[in-house]
Number of protein chains: 2
Amino acid sequence: MTGPGLRERKKQDTRTALAAATLRLAAEHGWSAVTVEQIAAEAGVSYRTFFNHFSSKEEALLQPRGAGTGRFAVLLAEQDPALPPLAAARTALRAELATLDDDREAWRQRLSVLAAEPTLLARAVEVGTANEREMAGALAQRTGQDVQRDLYPTLLAAVLGAALRVTLVRWQCAGGSPDLPDQFDEALSLLAAGLPAPSRDH
Amino acid sequence: MTGPGLRERKKQDTRTALAAATLRLAAEHGWSAVTVEQIAAEAGVSYRTFFNHFSSKEEALLQPRGAGTGRFAVLLAEQDPALPPLAAARTALRAELATLDDDREAWRQRLSVLAAEPTLLARAVEVGTANEREMAGALAQRTGQDVQRDLYPTLLAAVLGAALRVTLVRWQCAGGSPDLPDQFDEALSLLAAGLPAPSRDH
DNA sequence: TGCACAGTGTGCAACTTTGCACGGTGTGCA
DNA sequence: TGCACACCGTGCAAAGTTGCACACTGTGCA
């Protein structure tokens, strides 16, 4: 009943403080203008400690809560077993995106910072690969396959990651006008249909 | 009739020498053991010059000839206009992969180095994003769409990049036993079919 | 031929990222 | 309660990455 324990709580506090400091400073001064040293100082810890919590500056901005929280696996397991994997993943990820909506303003800021720096975008992709591994594992469990042997889970995870990335970028570029889950749904519909040639009228 | 000109030729020579030195040293001593300084020395140029040609160590290994050579655009334009985009891209990329087969040994070495270092894989993804932009542009031209406005070309390019990445990794992990183009074909077939649930028998 | 210019190669400095070693403090067990 | 252990925070050093300024040399033009 002690819960997470004092140690764990302290660690989380540090991580949260670092992530918050990163976002605040980046939003105020621009991404490249802020250094890890400043972030660490703002969070009240040492320079080196920053890299004990995040493996890169980008990760501090884009994965404030950490990657392998297993939320996707849980959400996926909750889906109706009768659903095919792609449909189940679509619903799970929509739920995940809805969660994101909780601190909508923070994410708006994050993507705004991201949009201002093209370099950041490339590195953001790297951050995403960790999530893809997690997704692949969860999908393999659902289909009863082996991540190493079978192509399907890994491919599906990679494709979902790609769709997610594209959706996020376009959502930000468009100023957030179409709802994020809707944009994601559009992409997933295209995938489910086998990426058919677009109709000529638009 | 002077061709590329002396200046351009010299530049290419330097780039080629750097890429060759990178591959040779990495294959011999391991990726993390070789430093940019050693590579530059081996190629007979200064440390700083390395980064005039490649934006990262990874790029020197994985894109020895540079990104935007436009080969994909040319190959895509050669495909039968009646083919839907996905099918045309599939054929074009297969042709590209066949080109890779020309210096099969070099690529085998590259992927071998890549497989030995998990970190490298993540960074490799970053390198791939440049190609995806090129693909998106070529695809947009084929479908008569706008890369900025329309989702389709960007999404398709991202998905193709994902499929390519997954295929390459699996091909290397499997020791290159199934032919690379065949593996890629399998992935593309799944995509074209809308990523249906895998059959339970395997 | 001679000149102005643009593109390479180079050195320097700042910053990011990572491996290693060490000290202090929760945590689990006797 | 007291002890051994594991883990977090920290400092240091080496390597990767990038912007800036400068020298040299093809290139294009008068």
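FYI, side chains are in, hydrogens and waters are out, and symmetry mates aren't considered; it's all heavy atoms of this structure. Just so we're on the same page: letters track the sequence lines, and every chain starts at 1.
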Give me, pair by pair, the N or O atoms of the protein and of nucleotides 21-25 of chain D that are less than 3.5 Å apart, along with how far apart they are.
from   : atom 1 : to   : atom 2 : distance (Å)
D:dT25 : O2     : B:R7 : NH2    : 3.4

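Counting any heavy atom pair closer than 4.0 Å across all strands shown, A:E58 reaches sugar-phosphate atoms only and no base atom.
Seen from the ring of A:W107, A:R104 does not count as a face-on cation partner, given the 6.0 Å and 45° thresholds.
Straight-line distance from the CG atom of B:D13 to the C1' atom of C:dG7: 16 Å, rounded to whole Å. D:dA15 atom P lies 13 Å from atom CZ of B:F51, rounded to whole Å. Between A:K57 atom NZ and D:dT18 atom P there is a gap of 12 Å when expressed in whole angstrom units. Between A:F50 atom CZ and D:dG9 atom P the separation is 13 Å, expressed in whole Å. Spacing between atom CG of A:L18 and atom P of D:dC8 amounts to 14 Å, rounded to whole angstrom units. As a whole-Å value, the separation of B:Q12 CD from D:dG26 P is 17 Å. Residue A:Y47 contributes atom OH, which lies 12 Å from atom C1' of D:dC12 at whole-angstrom precision. When rounded to the nearest whole Å, the span between CG of B:N52 and C1' of C:dA6 equals 15 Å.
In the interface, the side chain of B:R9 is not paired with the base of D:dG26 through any donor and acceptor atom under 3.5 Å apart.
Electrostatic pairing of B:R123 and B:E126 counts as a salt bridge here, judged by a charged N lying under 4.0 Å from a carboxylate O.
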(Q) Set out, in order, the CA-CA distance, both residues' side-chain angles and the distance that settles side chain to side chain contact (heavy atoms under 4.5 Å, CB included) for B:V159 and A:V166, then state yes or no. (A) CA-CA 10 Å; B:V159 168; A:V166 169; over 6 Å; no
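Heavy atoms only, all atoms of each residue included: B:F72 and B:A92 are closest at CE1-CB, 4.0 Å. Listed here is the closest heavy atom pair of B:A124 and B:L62: CB-CD1, 3.4 Å. Closest non-hydrogen pair, A:F51 versus A:S56, comes out as CE2-CA, 4.3 Å. Nearest heavy-atom pair across A:A27 and A:Q109 is CB-NE2, 3.8 Å. Counting all heavy atoms, side chain and backbone alike, B:R165 lies closest to B:V125 at CD-CG2, 3.4 Å.
Taking the side chain of A:K11 as heavy atoms from C-beta on, and the options D:dG16, C:dT8, D:dC8, the nearest nucleotide is D:dC8. Checking D:dT17, C:dT17, D:dT18 against every side-chain atom of B:R123, the shortest atom distance belongs to D:dT17.
Put simply, A:S55 has no side-chain N or O that comes within less than 4.0 Å of OP1 or OP2 on C:dT18. Taking side-chain N and O atoms only, A:T49 has no distance below 4.0 Å to OP1 or OP2 of D:dG9. Between A:H53 and the phosphate of D:dC8, there is no side-chain N or O to OP1/OP2 separation shorter than 4.0 Å.
If you check residues 26-42 of chain A against DNA chain C, the residues with a heavy atom closer than 4.0 Å are A:V34, A:T35, A:V36, listed by number.
You'll find the side chain of B:H29 stays beyond 4.5 Å of the side chain of B:Q38, heavy atoms only.
Comparing B:R48 and B:T119 along DNA chain C, the residue whose closest nucleotide (by nearest heavy atom) sits nearer the 5' end is B:R48.
Under the Watson-Crick and G-U wobble criteria, each requiring two contacts below 3.5 Å, nucleotide C:dG28 is paired to D:dC3.
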Show the atom names and distances, to 0.1 Å, of all donor-acceptor pairs under 3.5 Å that link a side chain in residues 180-189 of chain A to residues at least two apart or in another chain.
from   : atom 1 : to     : atom 2 : distance (Å)
A:D185 : OD1    : A:R90  : NH1    : 3.3
A:D185 : OD2    : A:R94  : NH1    : 2.7
A:S189 : OG     : A:R90  : NH2    : 3.3
A:S189 : OG     : A:D185 : O      : 2.9

